[in-house]
Each structure stands twice: as C-alpha cells, then as structure tokens.
> 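Below you'll find the structure I mean.
Every heavy atom of this structure was used, including side-chain atoms; hydrogens, water molecules and symmetry mates were not. Note that ligands are numbered from 1 as they come in the structure, with each ligand's atoms numbered from 1 the same way.
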Amino acid sequence: MSRAVAYAPGRVNLIGDHTDYTGGLVLPVAIDRGITVELDRGGRRVMLTSDAFPGAADVPLDVAEPASMEPGWARYVAGVVAALGPAEGGLGTVSSNLPSGSGLSSSAALEVAVALALGFEGDPLTLAKICQKAEEIAVGVPCGLMDQLCSASGRSGHALLIDCRAETVDEVALDPGCSVVVVPSGETRQLSGSPYAERRRQCETAQSQIGPLRDASVEDVKAIDDPTLRRRARHVVTENGRVRAFATAMRSGDLVAAGGLMIESHVSLRDDFEVSTPALDEVVRSLSTRPGVFGARLTGAGFGGCVVALTEPGALGAGWPIKASDGARLIQG
Ligand code: GLA
C-alpha cells in the first residue's frame, strides 16, 4: 500500500463570471485555503471520511450512479472515480479549511485533490477537464472550466487570465498596492438546483441566434428579440470586455480603473444576468463607499456566497484578505 497526500486550493474570481461556459474570459485567483486528501492507496473502493462534511464516502471503482451516492459530498468523490477511472482505490481522510457553499469552489478543490490522490498524472488542463466532467456527473451542474483550472494551475502572487475557448492561462501579477478581500454575504448556496443550468441554456439559445457570444459585439446583441435573452447576452459580451480591461488595468497598476470595472461587473450580474441577491447587493453597496476600497462585486456563480473586494492593504476591518497561492499539488505519493 502506498500513501498519497494531495492538496488543492479554492479560488476567488476577480472578474469574469458566467462567461466560461461560452468560451469567454475569466480572471480568478487560487487562494490560501483549500482541501487536503490523505489516502492509503489500494483496493477496489475509495473510502473517505471528512472533518468538514458529515458521514463517509464509500465509492466502488466501478460506481454505476455517482449522482445518487449518499452523503451528498460522496457524489463529488464518485464523479472523480467515474471520470478518472483510477487503477486502485484507497482509505483516507479529507480535511478542509475552505468554507463550502460560499462560492469559493470547495467542490472543485475536493475533486482536484481526490483526482491527484488517486494517482492522476498529467498537465493542469487535463486534470481540470476530468474534474469538470466529474462535477457534471456528480451533481448535474454543467459548469465551465474556470474553477477546476484555477485550482489546478494557481500561481502565488498572481491572478490567472483564462481564455476558456483557447484553453490558455496567462498569469497577471497582483499589484503590491492592493489587497483582495473576501467578504461573505451570510447566505450559502449550492449550484445544483439553482438557476445556473437555466442561465447556461439561455446563453446557448442566444448563441443559436447570433453566433458565439465570444465574438459578438454589443451591437450584435441588439438583434436578439427576447428581452431576457438579450440582457443575458449583453452581460456576457460586456463582461468579456471588462476582463480584458481589468487585466490591462492591473498590469499597469491602475487600481482605480480595476475597481470601477468590478462595480460595473456587479451591476451587470445584478441587472442583466440576474444572479445577485439583496444581501450581496448590500455588501457591495456598503463596501464601495468605504475609503480605501477600489471596487467590489459578487464572485462566482452568485445566488448567495461571497463578495470580492479590491482594497488598499488593510483598508477593511471586515472580511478575509486572501493570499494568491500556487495551485494543486501532490505533497506525497
Ligand atoms: C461556477 C461554475 C464556473 C463558472 C462560475 C460563474 O463557479 O463552476 O464554471 O461558470 O460559476 O462564473
């Protein structure tokens, strides 16, 4: 029996939400909290207990229906087993210092850490794609690639400009004159059962009318008759532009411009994409009038979770300043 220890971080997205699944641009940061899986490899089952989730995951390597496993978190483990097809299972533990249900990608971190512990070998993009598939198998959420790819390829001190169509990752150094602060809204959420899949379908319908949103202009979007679809598409098209502009602003140290783009992104997610909540809006509103805050927005899928703020270092008493961190790794094994 061999012992494996794998760690995968969560992420916070600075800008570019609900753009990844139409091949758009995103700019997340791998954070200094994550999930560790320790596994004594061997046998034909994966058996894990956790300090963060109740019950035990007990998944046979030939698992037939990952989506019906109990307890709920075992579905992510089962999704990875089904998507990866590891040669052997193992007995071990999951430990986490990443809050779940907060929009900080605890499910992606769990998937990536489990895949590494089960012996995945290869590049971060392949790892991310296996784990993206695992998420869909596990809970039926047709997520994009952002969370898993950020967890797999994070870089200390940097955000990652990910082009989800070209599947490329460019590092963007975070200006030392700013802090990235995560502020919980107090509402947790789960993507399964949320309107996430509906939003994705709406984007696909918009694309069937005007072609890839990644290539569309605000002018093109006006040709969409249905007002709801038009607003969804307008969010995606303008958000892709904001990601580009944010990366340029961060690279040139223009934190005021970067913060302004975050506020615009929040307004677009609130009004055009309709994934904000009154609690998220209130956190963004109160942060954005505080001295030393360049900007703030909901981060991740929305429907609850966290706000991300860009601030002068130490400007906020509230929230949790994150350290941009390296991506997932096998610590032992
Ligand atoms: C979730 C999904 C991602 C992405 C975000 C919204 O985190 O897992 O793929 O779509 O929502 O940007």
> What protein heavy atom sits nearest atom 7 (O) of ligand 1, and how far off is it?
Asp147 OD2, 2.7 Å
> Answer with yes or no whether Arg11 contacts ligand 1, where contact means a heavy atom under 4.0 Å from a ligand atom.
yes
> Can you report which non-hydrogen protein atom sits closest to atom 10 (O) of ligand 1, along with the distance?
Tyr196 OH, 2.6 Å
> Quick check against the 3.5 Å criterion: does Arg232 have a side-chain atom that pairs as donor or acceptor with the backbone of Asp272?
yes
> Determine yes or no for a side-chain-to-main-chain donor-acceptor pair under 3.5 angstrom, with Arg44 supplying the side chain and Glu88 the backbone.
no
> Could you list the atoms of ligand 1 found under 4.0 angstrom from a heavy atom of Tyr21?
10 (O)
> Which atoms of ligand 1 sit under 4.0 Å from any heavy atom of His18?
6 (C), 12 (O)
> Check whether any side-chain N or O of Gln207 sits under 3.5 Å from a backbone N or O of Leu213 as a donor-acceptor pair, and report yes or no.
yes
> What's the shortest distance from atom 5 (C) of ligand 1 to any protein heavy atom, and which residue and atom give it?
Met146 CE, 3.8 Å
> Which atoms of ligand 1 have any heavy atom of Gly144 under 4.0 Å away?
9 (O)
> So, regarding Cys143 and ligand 1 (criterion: nitrogen or oxygen to nitrogen or oxygen, under 3.5 Å), is there a contact or not?
no
> Which of these, Arg297, Arg244, Arg214, sits in a salt bridge (charged side-chain N to carboxylate O under 4.0 Å, His left out) with Glu239?
Arg297
> Ignoring hydrogens and angles, tell me if any N or O in the side chain of Ser105 forms a donor-acceptor pair with the backbone of Ala108 under 3.5 Å.
no
> For atom 12 (O) of ligand 1, find the nearest protein heavy atom and state the residue, atom name and distance (0.1 Å precision).
Asp17 OD1, 2.5 Å
> Do the side chain of His158 and the main chain of Val172 share a donor and acceptor less than 3.5 angstrom apart?
no
> Starting from atom 9 (O) of ligand 1, locate the nearest protein heavy atom and write down its residue, its atom name and how far away it is, to 0.1 Å.
Asp20 OD2, 2.6 Å
> Take atom CD of Glu219 as the centre, draw a 6.0 Å sphere, and report whether it contains more than 12 heavy atoms from other residues, nucleotides or ligands.
no
